[in-house]
Amino acid sequence: MIEMRNITKTYEMGTQAVHALRGVDLRIEEGEFLAIMGPSGSGKSTLMNIIGCLDTPTGGSYSLDDVDVSQMSDDDLARIRNKRVGFVFQQYNLLSRTTAVKQVALPLMYAGVGRRERIRRAQEALQAVGLGDRMDHRPDELSGGQQQRAAIARALVTQPSIILADEPTGNLDTSSGEEILEIFKELNAQDITVIFVTHDPEVAEYAKRTVLLRDGLIESDKQNGHKRTMEHAS
Amino acid sequence: MNLNESFLTALDSLMANKLRAALTMLGVIIGVAAVIALLSLGNGVNESITGEISSIGTNLISVMPDRENSGGYPPLSTADVEALSDPLRAPAISQVAASVQGGQEVIYSGASVNTTVLGVTANYFEVNNMTEFQSGDGLNQNDLDTSARVVVLGAGAASDLFPEEYPISKSIKINGVSYEVIGVLEESGSAMGNTDDNIYLPLSTAQKRLYPDRTRSGERAVSGINVQAASEELAEAAQEQITEVLRDQHDIIYAADDDFTILSQAELLDVFDTITATMTAFLGSIAGISLVVGGIGIMNIMLVSVTERTREIGIRKAIGALKRDILAQFLIESVVLSLVGGLLGISLGWLISSVAGNMLGVPTVMDGGTVLLSSGFAAAIGLIFGIYPAWRAAGLQPIEALRYE
Ligand SMILES: Nc1ncnc2c1ncn2[C@@H]1O[C@H](COP(=O)(O)OP(=O)(O)OP(=O)(O)O)[C@@H](O)[C@H]1O
Ligand SMILES: [Mg+2]
């Protein structure tokens, strides 16, 4: 479960301060399927990075599975990223010289899993995303959609309870994008929390709930199908 | 993640850029090779000289003039040699040889060489361990008594003057006077000071015809005296007697300094030891500097590598790499670079020193200490110069590293 209260994020740019998030309250239950939308610069990526413990908020409190993570040390955050969260990026962020199977096994290496076991689990994860026949390919030998699926396999391999994806289909054509979204749908069906960012209202329809950000604040938060709007104090 | 995994990861990255790894190593290779080559050559030279000196025997004592204390006149004379030979005055001494020397032009049938020509006593060869002759013989007392015009050639001088002829009984010219060749010495093969080009004639002849210098009191001068103590145990007593006799001979008052210097083989050994040790240390530290430069090269490349691989570091951190994982990966990379460079450098250094040793005719001594020292030093360099880049890499914030283009 994710619980954020009055989360702010301010970037100091010399004398100027950029307020990327200006007080976000957000509660996401286990097993939810959530889309985050909003115009460019509204703070979607900033929010995702904080949820995924890649970044820390300037203010407010954030607890993940009832543990306050807003003031944790770098290494503790790294352990959370390793075990609880799987992150999928718009630019895939794969290691360029590493084969798919080694790539996917990497988080397990940092988790201290033995070589054999992690290769086995990496193969399983690749199979699950339909890359069973591309195990020994390096990223430059894979299509964009395949690279993104490898990245998802890497996010999945540690069996996290949350999958986060920042515009996972942003670089893909419609059909590859749909494949990715189908994978997310399946994961969510296995009770994994899935949160993704998108610009595309049609893509957002895959999710069960949509949060709309504007200028660092949540403008609306609705269950898909039956709309409801929330009021916010800033 | 354990160290083993860090090691494999580091190795992977190095193998991904073999040329760069090799070029980075080059600095360390050259540094270590230089250290090894210079140290083992230095040790070799030291050992061969030490061996040579001790083979001559530690009962040999040289007496040399100290002109500063003799008013500019040569202080040592033939009379001193006779005085030292007197067993009543110097009972610890068994033999006294003397020589007088200078550079001369030596001519044989049109060919001429410039070399050192010494006038020596008959026992000079025996006292100085030069008893092997290629042909002919040394000087005898009769040659000295009659100031005979005969010469003994060093092996080098003989082959220079007589490349094709048999030198014995031939006549060579020194300073316009003819001398008959009566003997040719064996090659000495000595590493310290080559005496093979020397030419020897009777002391009395040389004093009359080539080196007419006189001491302050008008005696015929000699330029060096070689004394053999009766035994090694008596070497110290012999030194004291030499001092006593010579001060008496030269009428040196109690408060004045000696006008000669006494150097025993034992002392000579110490002197050479100090000289070669200093030389070795000096050359070794120059080579050490090149090792440090190699280390800076490693640091430079590692810093570039950290910058280049910022995104990779971001990815690793994003999926759970701890600070120490990244630190270990980069540190191991630089230590592997310097250690492998060090080992290659040791082999190269060994190769260089054996080739150079062969060419210079010096043995090379590579001891385990030198090898251990330089490989340890190389690893330390990798560690020291790798820490800063690795620390930079480990300290990167994942989100900033990922954003880096
Ligand atoms: N490292 C940073 N330094 C300074 N300002 C930043 C930084 N990262 C983000 N910002 C600013 O914070 C605000 C929110 O950025 P963010 O990346 O979260 O937007 P976004 O909603 O993801 O936009 P997009 O849809 O274009 O990806 C922007 O105004 C951006 O300029
Ligand atoms: Mg964004």
Side-chain angles (χ1 to χ4, degrees), chain A residues 9 11 20 45-46 48-57 73-99 102-115 118 122 138-139 151 153-158 160 164 166, chain B residues 1-22 301 304-333 336 390-405:
Chain A
K9 180 74 184 180
Y11 294 106
S45 295
T46 308
M48 284 296 269
N49 292 337
I50 291 173
I51 295 175
C53 295
L54 277 168
D55 208 353
T56 47
S73 74
D74 289 352
D75 276 355
D76 285 336
L77 290 174
R79 287 190 188 93
I80 289 181
R81 290 196 294 273
N82 185 244
K83 299 208 167 61
R84 307 260 196 94
V85 190
F87 218 112
V88 178
F89 302 89
Q90 181 174 356
Q91 306 86 345
Y92 324 133
N93 278 343
L94 299 171
L95 296 182
S96 55
R97 301 183 303 253
T98 311
T99 60
K102 278 194 176 169
Q103 192 96 237
V104 174
L106 215 52
L108 295 175
M109 179 174 93
Y110 289 118
V113 177
R115 178 160 284 257
R118 59 177 196 254
R138 287 181 312 173
R154 190 179 64 190
L156 282 179
V157 77
T158 53
L164 298 168
D166 193 352
Chain B
M1 192 170 79
N2 61 32
L3 223 59
N4 200 12
E5 307 274 15
S6 306
F7 184 77
L8 291 174
T9 309
L11 225 54
D12 262 358
S13 331
L14 287 178
M15 293 311 278
N17 212 332
K18 293 191 195 71
L19 181 64
R20 171 192 283 189
I301 292 295
V304 171
S305 165
V306 168
T307 312
E308 256 184 19
R309 286 153 65 190
T310 300
R311 218 179 156 77
E312 174 195 328
I313 295 163
I315 294 171
R316 287 180 185 277
K317 292 203 126 190
I319 60 175
L322 302 180
K323 265 195 174 120
R324 61 162 181 268
D325 295 329
I326 303 293
L327 193 74
Q329 181 189 337
F330 279 83
L331 214 49
I332 289 172
E333 272 186 41
V336 165
W391 174 81
R392 277 258 293 253
L396 286 176
Q397 286 303 308
I399 199 66
E400 278 155 29
L402 281 175
R403 209 178 276 134
Y404 185 86
E405 286 304 328

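Quick note on labels: first sequence line is chain A, next is B, and so on, each numbered from 1. No hydrogens, no waters, no symmetry mates; every other heavy atom, side chains included, goes into these values.
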Looking at [atom1] of [X] and [atom2] of [Y], how far apart are the two atoms once the value is rounded to the nearest 0.5 Å?
| X | Y | atom1 | atom2 | value |
| --- | --- | --- | --- | --- |
| A/Thr98 | B/Glu312 | OG1 | CD | 7.0 Å |
| A/Arg97 | B/Met15 | CZ | CE | 12.0 Å |
| B/Ile319 | A/Leu108 | CD1 | CG | 9.0 Å |
| A/Asn82 | B/Leu322 | CG | CG | 8.0 Å |

Taking every non-hydrogen atom, the tightest pair across [X] and [Y]:
| X | Y | answer |
| --- | --- | --- |
| B/Gly320 | A/Tyr110 | O-CB, 3.8 Å |
| B/Glu5 | A/Val113 | OE2-O, 4.4 Å |
| A/Ala78 | B/Ala321 | CB-O, 3.7 Å |

Residue [X] versus chain B: region with a heavy atom under 4.5 Å:
| X | value |
| --- | --- |
| A/Lys83 | neither |
| A/Leu94 | backbone |
| A/Asn93 | both |

(Q) Show, in sequence, the C-alpha distance, side-chain angles and deciding distance for A/Asp74 and B/Lys317, and conclude whether the side-chain contact (heavy atoms from CB on, under 4.5 Å) test is met. (A) CA-CA 10 Å; A/Asp74 289 352; B/Lys317 292 203 126 190; 5.6 Å; no
Q. In terms of heavy-atom proximity below 4.5 Å to chain A, should B/Ile315 be classed as side chain, backbone, both, or neither?
A. side chain
Q | Per-residue contact mode, B/Arg311 against chain A (heavy atom under 4.5 angstrom) | A | side chain
Is any side-chain heavy atom of [Y] closer than 4.5 Å to one of [X]?
| X | Y | result |
| --- | --- | --- |
| B/Leu8 | A/Met109 | no |
| A/Gln91 | B/Leu402 | no |
| A/Asp55 | B/Gln397 | no |

Q | Residue selection (most heavy-atom pairs with chain B, distance under 4.5 Å) from A/Pro107, A/Ala155, A/Gly86, A/Ser96 | A | A/Pro107
